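Lettering follows sequence order; numbering is per chain, from 1. Source: prediction; values computed, not measured.
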Number of protein chains: 2
Amino acid sequence: MTKASVRKNRHFNPTNCAVTYCMNIIGGKWKPVIIHLIRNNTNRYSLMQKAMPEASKQTLTNQLRELEADGVIERMVFAETPPRVEYKMTDLGKTLLPIIDAMRTWGKDYVNR
Amino acid sequence: MTKASVRKNRHFNPTNCAVTYCMNIIGGKWKPVIIHLIRNNTNRYSLMQKAMPEASKQTLTNQLRELEADGVIERMVFAETPPRVEYKMTDLGKTLLPIIDAMRTWGKDYVNR
DNA sequence: CAGGATCCCTGACGATACTG
DNA sequence: CAGTATCGTCAGGGATCCTG
């Protein structure tokens, strides 16, 4: 796995393409995967690590932080020992799901092309 | 403009996320913009340059070549002087348009959020 | 007009070690 | 368990010059 990392497009302004806004949100190498996992209740850090072992912990953390900063996911910390943290989609994040689904459907057809 | 460039995800295999296939196609910094331009008949090299002056000629060329290699767009050369080259969406490329549209719609709402 | 060739830079991402 | 800190790598993209 090497691509699927999109250099953020910081040139654009609102008169430019709105698509770029969207790309800047979901354009991380693992972000679509993370969104997909959280949606399917693979919503804890360690579970995500197992599900995508090629991504380093640092990278996983970074992508989670960015998604959180963009308001796509929410981080819920439980004061327990050992600590427990769960992630969930925000209402804004859920509006991205149709796009992710469309991409998945397209990707499957593309593979079978 | 700085982000919207997604490092291609080359780890994935068909058992992994199909979304990544899609991201690897449209995940270039300027690819969604290019697709949008071509669809709206801004289909010549010089016209695209004027429409997105922040992208260098080299970058524009590279992104066009990648889109062509992935079968998303088609390059048509006319044997004239000065040379004329036009780009058009392939049938496969057209199947991406609903995704681009969904992203644009989402992006507009996101900006006004 | 529509590139090709070359060189370079930066930031996304990875690897490893350590921690409350 | 769920990170943080640090450092390194690499490829996507930019800048400039040249060409059929």
Might you list the N or O atoms of the protein lying below 3.5 Å from N or O atoms in nucleotides 7-10 of chain D, with each pair's distance?
unit_1 : atom_1 : unit_2 : atom_2 : d
D/dC10 : O2     : B/Arg7 : NH2    : 3.4

Can you tabulate the close N/O pairs, meaning under 3.5 Å, that link protein atoms to atoms of nucleotides 17-20 of chain D?
none

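As rounded to whole Å, 12 Å separates atom P of D/dG3 from atom CD1 of A/Ile34. One atom, CG of B/Leu60, and another, P of C/dA5, lie 16 Å apart when rounded to the nearest Å. As rounded to whole Å, 14 Å separates atom C1' of C/dG4 from atom CD of B/Gln49. Residue B/Lys29 contributes atom NZ, which lies 7 Å from atom P of D/dG13 at whole-angstrom precision. The distance between atom CE of A/Met23 and atom P of D/dG12, rounded to the nearest whole Å, is 13 Å. The distance from atom CD of B/Glu80 to atom P of C/dC1 is 13 Å, rounded to the nearest whole Å. Distance CH2 (B/Trp30) to C1' (D/dG12): 13 Å, rounded to an integer number of Å. Atom CD1 of A/Ile25 and atom P of C/dA12 are 13 Å apart (whole Å).
Side-chain proximity of A/Thr59 to C/dC13, D/dG13, C/dG3: nearest is C/dC13.
Counting only distance, with no hydrogens or angles, the side chain of A/Thr61 and the backbone of A/Lys57 share a donor-acceptor pair below 3.5 Å.
A search for side chain to side chain contact (heavy atoms under 4.5 Å, CB included) contacts involving B/Thr90 returns B/Glu74, B/Leu92, not counting sequence neighbours.
Contact check, B/Tyr45 against C/dG4: no side-chain N or O comes under 4.0 Å of OP1 or OP2. For the OP1/OP2 pair of C/dA2 and a distance below 4.0 Å, the side-chain nitrogens and oxygens of B/Arg44 include at least one atom meeting the criterion. A close approach under 4.0 Å does occur between a side-chain nitrogen or oxygen of B/Gln63 and OP1 or OP2 of D/dG13. Between B/Ser46 and C/dA2 there is a side-chain polar atom (N or O) within less than 4.0 angstrom of OP1 or OP2. Within the structure, a side-chain polar atom (N or O) of A/Arg65 is placed less than 4.0 Å from OP1 or OP2 of D/dG3.
B/Met23 approaches A/Ile26 most closely through the heavy-atom pair CE-O, 3.8 Å. The heavy-atom pair separating A/Thr20 from B/Val33 by the smallest distance is OG1-CG2, 4.2 Å.
Residue contacts shown for A/Thr61 include a base, since a base heavy atom lies under 4.0 Å away. Residue contacts shown for B/Phe78 are absent, as no nucleic acid heavy atom lies under 4.0 Å away.
Screening residues 35-49 of chain B for salt bridge (charged side-chain N to carboxylate O under 4.0 Å, His left out) gives B/Arg39-B/Asp101 as the qualifying pairs, with residues at least two apart or on separate chains.
If you chain together ILVMFWY residues whose side-chain heavy atoms come under 4.5 Å of each other, B/Phe78 ends up grouped with B/Met76.
Side-chain contact annotation: A/Trp106 with B/Thr95, donor-acceptor N/O pair under 3.5 Å present.
The end-to-end axis angle of the helix from C/dC1-D/dG20 to C/dG20-D/dC1, rounded to 10 degrees and based on five pairs per end, is 60°.
Residue A/Lys31 forms a side chain to side chain donor-acceptor pair (under 3.5 Å) with just one option from A/Glu66, A/His36, A/Gln63, and that option is A/Glu66.
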